[in-house]
Amino acid sequence: MTKTLVVLLMLAACHKQVMTPPPPPLRPEPEAKPAEAKVQKDCDPTDPQAELKPLTFDERSIPEGMRLADKGYVELTASVSAEIDRPTREQDQTDADNDFLTALAADPYNVKATYGLAAAYSRIGRKQCSINLLTRILQMRPHPSKHAEVEQQIDHLLGRRQALDADFADMRRDERFRTLIEKMCEGTNDPNCVYGGQKDNRER
């Protein structure tokens, strides 16, 4: 085999080699979209015709309802502390909501849990939910066994002999809220009652 032939064969072998394809271009991973805040659905107004059948005394778990209502208030109070971070605050709020709901499942006539859940819903902007529960408070007012406790919660709501309940600050200009307050103030002979106990209709 001549030297020239050897060179030609080597050249031919080079041409038959498969070229390695280039690597794909580097592409950065797409940035994750920021999580959208969950919008809580508000309640529908309550329908008196659709209310559940009243429970008898023996069907209620009164001590359990009281225990859970007290626990819910501890969590609701903790959720406004300036010393906790946002995730902890939101968790405390959620825990309070759940405890109030469970308390009312145990005893639907628990005034403290009803008012506490109304306050919790007001904080997160579920105004009709809050109105429904405050309406429930007003419905329990005529019952002798509940009257004193209901009046205590209404005093807190209206700022009678105490500071206004700040949990309802964002609702005080809501027409539905003011209409309900008017009903609560009937028979009080206090012209400032509907303004939450403040003569100038402003929060202090």
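Computed from heavy atoms alone, side chains included, the values below leave out hydrogens, waters and symmetry copies. Quick caveat, the model's predicted, so the values are computed rather than measured.
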Asks: If you take all heavy atoms of R136 and P108, which pair is closest and at what distance?
Replies: NH2-O, 3.2 Å
Asks: Looking only at heavy atoms, what is the nearest atom pair of A106 and G65, with distance?
Replies: CB-N, 4.1 Å
Asks: Between CD of Q93 and CZ of R86, what distance do you get to the nearest 0.5 Å?
Replies: 12.0 Å
Asks: So which heavy atom on L117 is nearest to which on L133, and how close?
Replies: CG-CD1, 3.6 Å
Asks: Would you check if there is a donor-acceptor pair between the side chains of T135 and N132 at a distance under 3.5 Å?
Replies: no
Asks: So does E149 pair up with K112, basic N to acidic O under 4.0 Å?
Replies: no
Asks: Within this structure, what is the CG-CZ distance for the pair D42 and R126, rounded to the nearest 0.5 Å?
Replies: 6.5 Å
Asks: Centre of Y121's six-membered ring, under 6.0 Å away, within 45 degrees of the axis: is that where NZ or CZ of K127 sits?
Replies: no
Asks: Which residue, M184, R178, E182, forms the side-chain contact (heavy atoms from CB on, under 4.5 Å) with L180?
Replies: M184
Asks: Would you indicate whether the side-chain heavy atoms of D97 and E75 approach each other to under 4.5 Å?
Replies: no
Asks: Between K71 and D95, does any NZ, NE, NH1 or NH2 come within less than 4.0 Å of an OD or OE carboxylate oxygen?
Replies: no
Asks: Take Q128 and D44 through the test side-chain contact (heavy atoms from CB on, under 4.5 Å) and record every step on the way to the result.
Replies: CA-CA 7 Å; Q128 186 60 56; D44 295 322; over 6 Å; no
Asks: Looking only at heavy atoms, which two atoms of P142 and L138 are closest? And how far apart?
Replies: CD-O, 3.7 Å
Asks: State, to 0.1 Å, how close Y109 and K146 come at their nearest heavy-atom pair, and which atoms those are.
Replies: O-NZ, 2.9 Å
Asks: Using only atom types and a distance under 3.5 Å, with no angle test, would you say the side chain of S122 pairs donor to acceptor with the backbone of A118?
Replies: no
Asks: Let me confirm one number: the CG-CE distance from D165 to M171, rounded to the nearest 0.5 Å.
Replies: 11.0 Å
Asks: Out of curiosity, T179 OG1 to R176 CZ, how far, rounded to the nearest 0.5 Å?
Replies: 10.0 Å
Asks: Side-chain contact test, heavy atoms from C-beta onward, threshold under 4.5 Å: evaluate it for L68 versus F100 and give yes or no.
Replies: no
Asks: Walk me through it: do T77 and D92 pass the test side-chain contact (heavy atoms from CB on, under 4.5 Å)?
Replies: CA-CA 9 Å; T77 302; D92 284 339; over 6 Å; no
Asks: In sequence, state the C-alpha distance, the side-chain angles, and the governing distance for E151 and R160, and then conclude on salt bridge (charged side-chain N to carboxylate O under 4.0 Å, His left out).
Replies: CA-CA 10 Å; E151 287 299 321; R160 293 174 178 165; 3.7 Å; yes
Asks: Give, for atom CZ of R67 and atom CG of D107, the distance between the pair rounded to the nearest 0.5 Å.
Replies: 13.5 Å
Asks: Counting only heavy atoms not in M66, do more than 12 sit closer than 6.0 Å to its CE atom?
Replies: no
Asks: Does the gap between the ring centers of F168 and Y115 come in under 6.0 Å?
Replies: yes
Asks: Report yes or no: does T94 contribute a side-chain atom to a donor-acceptor pair with the main-chain N or O of E90 at less than 3.5 Å?
Replies: yes
Asks: Locate the shortest heavy-atom distance separating R123 from L76; write the atom from each residue and the value.
Replies: NH1-O, 3.0 Å
Asks: Looking at CG of D70 and CG of N110, how far apart are the two atoms once the value is rounded to the nearest 0.5 Å?
Replies: 8.5 Å
Asks: Given 3.5 Å as the limit, does a donor-acceptor pair link the side chain of R141 with the main chain of H147, or not?
Replies: no
